[in-house]
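Structure record follows, encoded as structure tokens.
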Amino acid sequence: VYGEAKTSGSYNVSALNTAFNVIAAAGGVKDIGSVREIQHISDGETQKMDVYAFMNNPSIKFDYALEDNDIIYIPVADKTVNITGAVKRPMRYEAKENETLKDLLRFAGGIKYNTDPNYVQIERIVDGEVMLQEYELDKVLNGEKTIKLKDGDQIRLRKVDKPLKQYVEIEGAVFYPGQYDLRKNQTLGSLINRSQLKPEAKTDLIFIERLQDDNSINIMPVEWKNNKKQDT
């Protein structure tokens with residue numbers, strides 16, 4: 001095992017092992033080493049090994065069976081990028097020449113459920129200066145926008161942190177207390193019907209707490225009867 005292995009040298013292994021097992025025996029790949037352009041040299045022929053492909057399909061390890069005096073060479077990685085934020089596996093990745101941001105997002109396990117679909121930022125050094133480039137994430141994912149990666153790129157995704165708007169909340173003697181969409185429950189009657197009153201509910205007087213523009217709370221008593229025709 002040569003190159004950027006943590007412990008280079010010769011190894012005696014069982015004939016049942018593959019080249020991937022020998023890399024593990026050598027302690028794995030150094031931080032600067034390539035995990036996608038590893039060379040398996042056997043009887044004068046060279047095969048390229050890609051650890052990412054192995055992670056997606058472990059059965060390919062059998063394509064790299066070992067023979068006596070085989071050589072495994074680990075070169076320095078040509079292009080590495082870092083992705084942070086709202087992806088499932090944020091970390092540093094190695095990218096091949098023609099791979100794009102969409103490929104990187106796939107390596108990172110995809111986006112999270114709360115990822116902002118309108119924002120992805122790339123910090124990149126261009127002509128000796130640090131530049132920020134921003135795109136709509138949805139267009140990247142659907143293939144409308146293709147962004148090639150460059151060595152040293154820092155990619156950032158953000159999660160949706162905006163507070164919930166356009167909602168009402170109901171508490172008390174109802175079967176389903178909690179928050180409801182204001183757009184579908186614009187009247188007190190429709191909200192009560194959706195949350196379903198309990199039999200013991202006292203309905204002659206209901207209190208509405210409303211936040212005012214000055215952040216004060218106005219408490220309004222409302223007379224309401226349990227009548228499906230009434231829609232206050």
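All values below come from the heavy atoms of this structure, side chains included, with hydrogens, waters and symmetry mates left out.
Of the possible polar contacts, none joining the Thr115 side chain to the Pro117 backbone as a donor-acceptor pair under 3.5 Å is found. Between the side chain of Asn21 and the backbone N or O of Thr18, at least one donor-acceptor pair lies under 3.5 Å. A donor-acceptor pair is defined here as one N or O able to donate and one able to accept, closer than 3.5 Å; such a pair exists between the side chain of Asn193 and the backbone of Gly189. Formation of a donor-acceptor pair under 3.5 Å by the Asp151 side chain with backbone atoms of Thr80 is found in this model.
The number of heavy atoms from other shown groups lying within 6.0 Å of CG (Asn12) does not exceed 12. When the shell of 6.0 Å around CD1 of Ile125 is examined, it contains 12 or fewer heavy atoms from other residues, nucleotides or ligands. When the shell of 6.0 Å around CG of Asn69 is examined, it contains 12 or fewer heavy atoms from other residues, nucleotides or ligands. The environment of CG in Asp78 is sparse: at most 12 heavy-atom neighbours from other residues, nucleotides or ligands sit within 6.0 Å. Dense packing is recorded around CE of Met220, with more than 12 heavy atoms of other residues, nucleotides or ligands lying under 6.0 Å away. For Asn57, the CG atom is densely surrounded, since the number of other residues' heavy atoms within 6.0 Å is greater than 12. Surrounding CD of Gln212 are more than 12 heavy atoms belonging to other residues, nucleotides or ligands, all under 6.0 Å away. Within a 6.0 Å sphere centred on CD of Glu97, heavy atoms belonging to other residues, nucleotides or ligands number 12 at most.
Following chains of ILVMFWY side-chain contacts shorter than 4.5 Å, one cannot reach Leu105 starting from Val160, and the two form parts of different hydrophobic clusters. Under the 4.5 Å side-chain heavy-atom criterion for grouping Ile, Leu, Val, Met, Phe, Trp and Tyr, Ile208 is connected to Val168 within one hydrophobic cluster. Side-chain heavy atoms closer than 4.5 Å link hydrophobic residues (I, L, V, M, F, W, Y) into clusters, and following such links, even through other members, never connects Tyr73 to Val29. Residues Ile217 and Leu205 are members of one and the same hydrophobic cluster, defined by side-chain heavy-atom contacts under 4.5 angstrom among Ile, Leu, Val, Met, Phe, Trp and Tyr.
Taking the ring centroids of Phe107 and Tyr52, they lie under the 6.0 Å cut-off.
Atom OG of Ser190 sits about 11.0 Å away from atom OH of Tyr180, to the nearest 0.5 Å. How far CD1 of Ile72 is from CD of Gln47: 11.0 Å, rounded to the nearest 0.5 Å. Atom CG of Leu66 is separated from atom OH of Tyr11 by 13.5 Å, given to the nearest 0.5 angstrom. Atom CD1 of Ile192 is separated from atom CD1 of Ile170 by 5.5 Å, given to the nearest 0.5 angstrom. With rounding to the nearest 0.5 angstrom, the CG atom of Leu149 is 5.5 Å from the CD1 atom of Ile155. To the nearest 0.5 Å, atoms NE2 (His40) and CD1 (Ile23) are separated by 9.5 Å.
Here the side chains of Asn118 and Leu137 are not in contact, with every heavy-atom distance at 4.5 Å or above. A 4.5 Å side-chain heavy-atom check between Glu37 and Lys96 finds at least one atom pair inside the cut-off. Annotation: side chain of Ile147 is in contact with side chain of Lys145 (closest heavy-atom distance under 4.5 Å). Under the 4.5 Å side-chain criterion, counting only non-hydrogen atoms from C-beta, Gln154 is not in contact with Leu132. Side chains of Tyr93 and Ile83 form a contact here, defined as non-hydrogen atoms less than 4.5 Å apart. At least one side-chain heavy atom of Lys159 sits under 4.5 Å from a side-chain heavy atom of Asp161. Between Asp70 and Ile41, every side-chain heavy-atom pair lies at or beyond the 4.5 Å cut-off. Residues Tyr119 and Glu136 are not in side-chain contact: their nearest non-hydrogen atoms beyond the backbone lie 4.5 Å or more apart.
Side-chain contact annotation: Tyr135 with Gln133, donor-acceptor N/O pair under 3.5 Å present. For the 3.5 Å distance criterion, the side chains of Arg183 and Gln166 fail to qualify, holding no donor opposite an acceptor. Judged purely by distance below 3.5 Å, without hydrogens or angles, the side chains of Glu4 and Ser34 never pair a donor atom with an acceptor atom.
For the pair Val87 and Leu157, the tightest heavy-atom approach, listed with the atom from each and the gap, is CG1-CD2, 3.8 Å. When all heavy atoms of Arg36 and Glu99 are compared, the pair lying nearest together is NH1-OE1, 2.6 Å. Between Asn142 and Lys139, the shortest heavy-atom distance links the atoms OD1-O, 2.9 Å. Across all their heavy atoms, Ala53 and Ile60 have their closest contact at C-CD1, 3.6 Å. In terms of heavy-atom proximity, Ala26 sits nearest to Val1 at CB-CG1, 4.2 Å.
At a threshold of 4.0 Å, the pair Arg106-Asp103 counts as salt-bridged, since one of the basic side-chain nitrogens sits closer than that to a carboxylate oxygen. Taking 4.0 Å as the cut-off between side-chain N and carboxylate O, Lys61 and Asp63 do not count as a salt-bridged pair.
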Phe207 and Val222: CA distance, side-chain angles, deciding distance, side-chain contact (heavy atoms from CB on, under 4.5 Å) verdict = CA-CA 6 Å; Phe207 293 94; Val222 177; over 6 Å; no
inquiry  = For a side-chain contact (heavy atoms from CB on, under 4.5 Å) check, start with the C-alpha distance between Tyr176 and Arg194, then their side-chain angles and the critical distance, and finish with the verdict.
reply    = CA-CA 8 Å; Tyr176 303 105; Arg194 288 176 68 89; over 6 Å; no
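By the 30° and 60° cut-offs, the orientation of the rings of Phe20 relative to Tyr64 is perpendicular.
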